[in-house]
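Note sheet for the following structure.
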Amino acid sequence: MSVWRAIAAAALFAAAPALLAGEIPPDARRSGYSFMGLETRAMQDDDTANPGMLFVLDGEQLWGKKTGSAEKACADCHGDARSSMKGVAARYPAIDKALARPVTLDQRINLCRANHQQATPLPYESRDLLALSAFVAHQSRGVAITAGDDPQAKPFVDQGRDLFMQREGQLNLACTNCHDDNFDKRLAGAPITQGQPTGYPLYRLEWQTLGSLERRLRSCMSGVRAQAYDYGSPELVALELYLMSRAHGLSMETPAVRP
Amino acid sequence: MPALINVPAKAKRGDVIEIRTLTSHIMETGFRHTADGKLVPRDIITSFICRYNGAEVFRADLFPAIAANPYLSFFTVARESGKFEFEWIGDNGYSSTASTSIMVE
């Protein structure tokens with residue numbers, strides 16, 4: 001009997017750290033930047049070496065270009081992005097009043113295209129959409145993230161948190177298993193970060209292009225051999241919202257560079 | 001295609017200056033296949049030239065193993081005030097240019 005009791009006690013002990021580990025306290029939150037090597041940091045810090053800035057330049061042109069059957073440019077309503085878009089990306093995903101659900105910055109751009117420019121929506125991960133969202137988010141560089149503060153967003157933040165904590169895929173891993181419990185360790189050769197979405201859309205050297213947070217989430221999901229949610233699905237938006245609220249107070253870095 | 005150029009705005013005569021260039025290009029290798037097995041045709045930048053007041057000071061040949069959005073950094077001697085011109089040439093008649101000026105005292 002005492003053997004069984006000892007085994008039960010040992011099992012409890014082994015399970016305890018996993019149960020106790022959890023969310024990262026606010027003062028311990030760190031951007032993925034702090035996990036990178038010196039060379040990659042230097043690439044992000046120098047605006048003439050950061051390939052993400054090429055997309056920001058493209059976005060700046062698109063901002064002023066008339067499009068759609070309304071023959072309107074973003075600038076015709078929003079004016080100079082340097083002032084009108086400052087801090088906007090730090091609040092996204094945000095609740096859309098008409099839809100009564102959160103929308104991402106990409107979705108907001110496409111809603112603007114549909115409602116105000118009478119233009120066709122830009123496909124997810126297309127160069128133009130990435131360029132526009134990089135340009136808009138770049139105006140918030142250095143601004144502290146406040147997304148998810150809206151009380152209306154609460155149920156969606158909670159939904160995202162549940163998804164973050166939920167095990168999935170053939171490897172049966174939840175986001176939290178790596179990004180809350182095991183950051184600062186390594187997965188194969190690569191550092192495990194806290195998964196703070198401070199610099200999206202960002203330039204990943206592995207992708208050789210700019211990519212959205214949704215692309216990053218989907219590749220994590222295929223990494224644990226789960227069926228990835230579709231671009232723009234409510235689940236991905238909720239996850240994105242939770243991640244942004246989890247990064248509360250960290251500064252925006254768009255366009256970040258990551259390995 | 002947009003390019004980002006970093007040349008010091010001012011330099012002393014005889015100074016060795018660093019020039020850094022970054023340009024937008026997909027650099028498709030020509031070795032990859034689509035999901036249905038078709039070869040994605042090669043589309044890369046094949047050469048880069050930098051001219052300083054008309055005279056060529058740097059040239060590079062680029063190959064399929066070079067990453068997208070190629071970044072090139074090189075050095076030259078600041079001899080006189082004037083213009084740096086950059087040219088990228090590639091597959092399918094691709095050509096892109098940029099220029100910047102320097103003050104030499």
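Keep in mind that what you see is a predicted model, and the values were worked out from it rather than measured. Order of the sequence lines sets the chain letters (A, B, ...), proteins ahead of strands, with each chain counted from 1.
Atom CZ of A/Arg29 sits in a crowded spot, with more than 12 heavy atoms from other residues, nucleotides or ligands closer than 6.0 Å. Other residues, nucleotides and ligands contribute at most 12 non-hydrogen atoms within 6.0 Å of the CZ atom of B/Arg32. Within 6.0 Å of the CD atom in A/Gln61, the count of heavy atoms belonging to other residues, nucleotides or ligands does not exceed 12. In this structure, A/Gln227 places its CD atom where only 12 or fewer heavy-atom neighbours from other residues, nucleotides or ligands lie under 6.0 Å away. Around the CZ atom of A/Arg225, the shell of radius 6.0 Å holds no more than 12 heavy atoms that belong to other residues, nucleotides or ligands.
Atom CG of B/Leu4 and atom CG of A/Asn50 lie 8.5 Å apart (nearest 0.5 Å). From B/Ser24, atom OG reaches atom CG of A/Leu57 across 9.0 Å, with rounding to the nearest 0.5 Å.
Heavy atoms closer than 4.5 Å to chain A are found nowhere in B/Ser73, neither backbone nor side chain. Only the side chain of A/Asp46 comes within less than 4.5 Å of a heavy atom of chain B; its backbone N, CA, C and O stay farther away.
Across all non-hydrogen atoms, the minimal contact from B/Tyr71 to A/Thr48 is CE1-O, 4.3 Å. Between B/Ala3 and A/Leu54, the shortest heavy-atom distance links the atoms CA-CD2, 4.1 Å.
Looking at A/Met53 and B/Leu22, their side chains never come closer than 4.5 Å, going by heavy atoms from C-beta outward.
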